[in-house]
Each structure stands twice: as C-alpha cells, then as structure tokens.
Amino acid sequence: MPPSHNSSSFPAYWVTPRHLAGDDGVLADQVGSYLTAAGWHSLTLVRGRREADEPDGARQVLRSTVLHVAPDALRWAQWVLADEPILLGDQPVAWTVSARATPAGLPQWNAYFSAGTPPEAVTDFLLALEDRPDPAHGYAGPQVVLDALARGGWVCDIDTPSAMSDQRLAASMVLTALPDEGIQDGDPLVLDPEAEAAGWQAWCEPRMGGGLLWAAMFSASTPHDLVAAFAASLASPAPVLRHTLPESSEGQLTVQPTV
C-alpha cells in the first residue's frame, strides 16, 4: 500500500471505493478552489482575545475561519476546522454549508462535513446546490437518497428501512433523529421534542471500534435531492485520485498507480 503521508511528492493512485479513500489532506483546498472557480466570494474571519493588560492594538489570535458566499447571497459554505469544533462522533466538523430563502433571512438548513470526508462528495453536494433555483426548500422525498445509494451498490438495513450500508458494512447512511446540540435548522418544529424531526446522517468506520474516518450530518430541512447528490457521489464506483491513504482503510481499498 502507498505510504500514508500527506505530501504531493508521493506518487498518485486511483483508488476505490471512494467512501474509504479519505480526503487526502486536501479537503479545504479542493472545496475552496471549486467555490472560488464558481464565483463565490471568500472572506477570512478572525476571532481573538485581548487581555486587559495588553497595549492598544495588541491581540492574541485564537482561530480563524474562511467563509464563501454565493453571488446571490442565498447559499454559503464555511471552513470551520480551526474554530471551536462541533464533533460528529469523534471527528471535528470541517465544512458547514447553509442556505436561506432571502438575502436577509436566516438559514433554512445546515449541512456538516467532518475532516476526512471525500472532497468529491462535498463538491458534488455544492454543485447540486448551485444548480438549484430555490436553495432553501425541498420538494422530493427521502426515497431519492436511498435510490442513489442503491444504484451505487449499497444495501438496505432489514431492521431500519431508512438506513443503507455499503457491502463491507464500513459506511452507513440513515434518516433519523438528530442530536439536540450543535445541529441547527430553520424549522421551528425542530425545537419541539415531540415533533421528532429527522435528518440524514452518514459515517464511515473502516474497522469496527476503530473510530470514524469521517461523518456528515444534514439538518432536518435540508432538501433530500441535495443529500441524494452527496449520497450518489459517495457511492460512486468511479475511482478517485489520491496521494495518501488513511491507515484505517488499509486492506479494504483497490489501488492502481496512475500511468
């Protein structure tokens, strides 16, 4: 297996399956480059702290994030890995994506992608978001997500009809109740504990008990067709280009050197 070091000096490989291939350490660069090429505006947000005895102008920078906003101001994405982390399982969120109905409105939904998520799947989610005239509201049902996974060879969970897994049982995706903390949504019913609002969760654990390679979560109002775009990309049999591979996926990947 190729060495698991993050350096472009290592040879490149075509790798399958995609959901076990990790992010090659370039999740920020690949998604950010796509957004820039699509005409989204970027802004670096720096948050810091100033001690009482510091001189004027002095500031201790604690963290910074990068915000990308679409030209219509209805959709945006933020690289938040350097911020106070939201954890999905044991993985920190790296990208958040949001959309609203009007430029002055609040987010209608939010999507969260942890470090390690294949950048191709995040980019395909954003591509579907860009192509949508109405980014805030969904019109398709959850079956479109299950159908997208089935086309990629994922199988249904007999006990949970809204759940599917890859054939190795290393990755799963399910429509279920979401955690109470950290996941924000624009539907006020989500705040009602009796409403049982459900959203999509996806994760990959290459070795049982070995920790997550990545995780993603979509708040309850995220349009199902957008989640389906992520799912279809995740389950795609097309190989992805990688220089480095996650150690947790060792022995479960098909790796071919580029010619």
Side-chain angles (χ1 to χ4, degrees), residues 1-2 4-6 13 15-32 34 77-83 85-97 110-128 145 148-149 152-154 163-176 178-179 182-183 199-219 222 226-255:
M1 172 165 289
S4 299
H5 302 285
N6 184 20
Y13 298 86
V15 180
T16 56
R18 181 176 300 187
H19 61 271
L20 284 165
D23 66 5
D24 208 16
V26 295
L27 183 59
D29 293 338
Q30 284 201 12
V31 176
Y34 167 78
Q78 190 168 3
W79 174 257
V80 297
L81 192 60
D83 206 343
I86 302 170
L87 291 179
L88 301 181
D90 56 4
Q91 288 295 319
V93 170
W95 281 101
T96 63
V97 181
N110 296 278
Y112 306 82
F113 304 95
S114 83
T117 306
E120 296 84 0
V122 180
T123 300
D124 285 341
F125 178 85
L126 288 164
L127 178 61
V145 179
L149 293 169
W154 287 38
M164 298 191 75
S165 300
D166 73 315
Q167 295 184 5
R168 295 174 172 83
L169 301 181
S172 299
M173 195 161 186
V174 61
L175 181 64
T176 186
L178 298 177
I183 308 303
W200 288 98
Q201 298 186 49
W203 66 92
C204 181
E205 186 178 23
R207 302 186 188 282
M208 187 174 295
L212 299 181
L213 174 59
W214 58 263
M217 198 167 292
F218 305 86
S219 74
T222 308
L226 293 181
V227 182
F230 174 81
S233 182
L234 199 64
S236 170
V240 291
L241 192 65
R242 295 290 186 269
H243 293 89
T244 65
L245 302 175
E247 292 182 3
S248 60
S249 297
E250 186 172 357
Q252 302 186 62
L253 295 169
T254 298
V255 182

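Quick caveat, the model's predicted, so the values are computed rather than measured.
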Beyond-backbone contact of W200 with T222, side-chain heavy atoms, under 4.5 angstrom: no
P92 side chain near I86 side chain, heavy-atom distance below 4.5 Å: no
Residues V93, L88; criterion side-chain contact (heavy atoms from CB on, under 4.5 Å); working and verdict: CA-CA 7 Å; V93 170; L88 301 181; 3.7 Å; yes
Pairing residues for Y112 by the ring pair (Phe, Tyr, Trp, His ring centres under 6.0 Å) criterion, not counting sequence neighbours: none
Side-chain (D124) to main-chain (A229) donor-acceptor, under 3.5 angstrom: no
Heavy-atom closest pair, residues L149 and A231: CD2-CB, 3.6 Å
Between CE on residue M173 and CD on residue Q201, distance to nearest 0.5 Å: 10.0 Å
Distance-minimising heavy-atom pair for S248 and R207: O-NE, 3.3 Å
Under 3.5 Å side-chain donor-acceptor pair for N110 and S219: no
Separation of E250 CD from L245 CG (nearest 0.5 Å): 9.5 Å
T16 vs L253, side-chain contact (heavy atoms from CB on, under 4.5 Å): CA-CA, chis, key distance, verdict: CA-CA 6 Å; T16 56; L253 295 169; over 6 Å; no
H19 ring center within less than 6.0 Å of W203 ring center: no
Exam field: side chain E205 to backbone G209, donor-acceptor pair closer than 3.5 Å: yes
Pair Q91-W214, side-chain contact (heavy atoms from CB on, under 4.5 Å): steps then yes or no: CA-CA 6 Å; Q91 288 295 319; W214 58 263; 5.5 Å; no
side-chain hydrogen bond (donor to acceptor under 3.5 Å, both in side chains) involving E120 - partner list, sequence neighbours excluded: R242
Nearest heavy-atom neighbours spanning L126 and A77: CD2-CB, 4.5 Å
Centroid-centroid distance, W79 to W95, less than 6.0 Å: yes
Shortest non-hydrogen separation from L212 to A215 and the atoms involved: CD1-CB, 4.1 Å
S236 side-chain N/O to A238 backbone N/O, donor-acceptor pair under 3.5 Å: yes
Value rounded to 0.5 Å, distance of SG in C204 from CG in D166: 7.0 Å
Contact summary for A21 and V15, nearest pair of heavy atoms: CB-CG1, 3.9 Å
Where L20 and L213 come nearest, the two heavy atoms and their spacing: O-CD2, 3.8 Å
N/O donor-acceptor pair under 3.5 Å between S233 side chain and F230 backbone: no
Check: D24 side chain, T244 main-chain N or O, donor-acceptor pair, under 3.5 Å: yes
side-chain contact (heavy atoms from CB on, under 4.5 Å) between F218 and L226, intermediate numbers included: CA-CA 10 Å; F218 305 86; L226 293 181; over 6 Å; no
Student check: side-chain heavy atoms of L127 and Y34 closer than 4.5 Å: yes
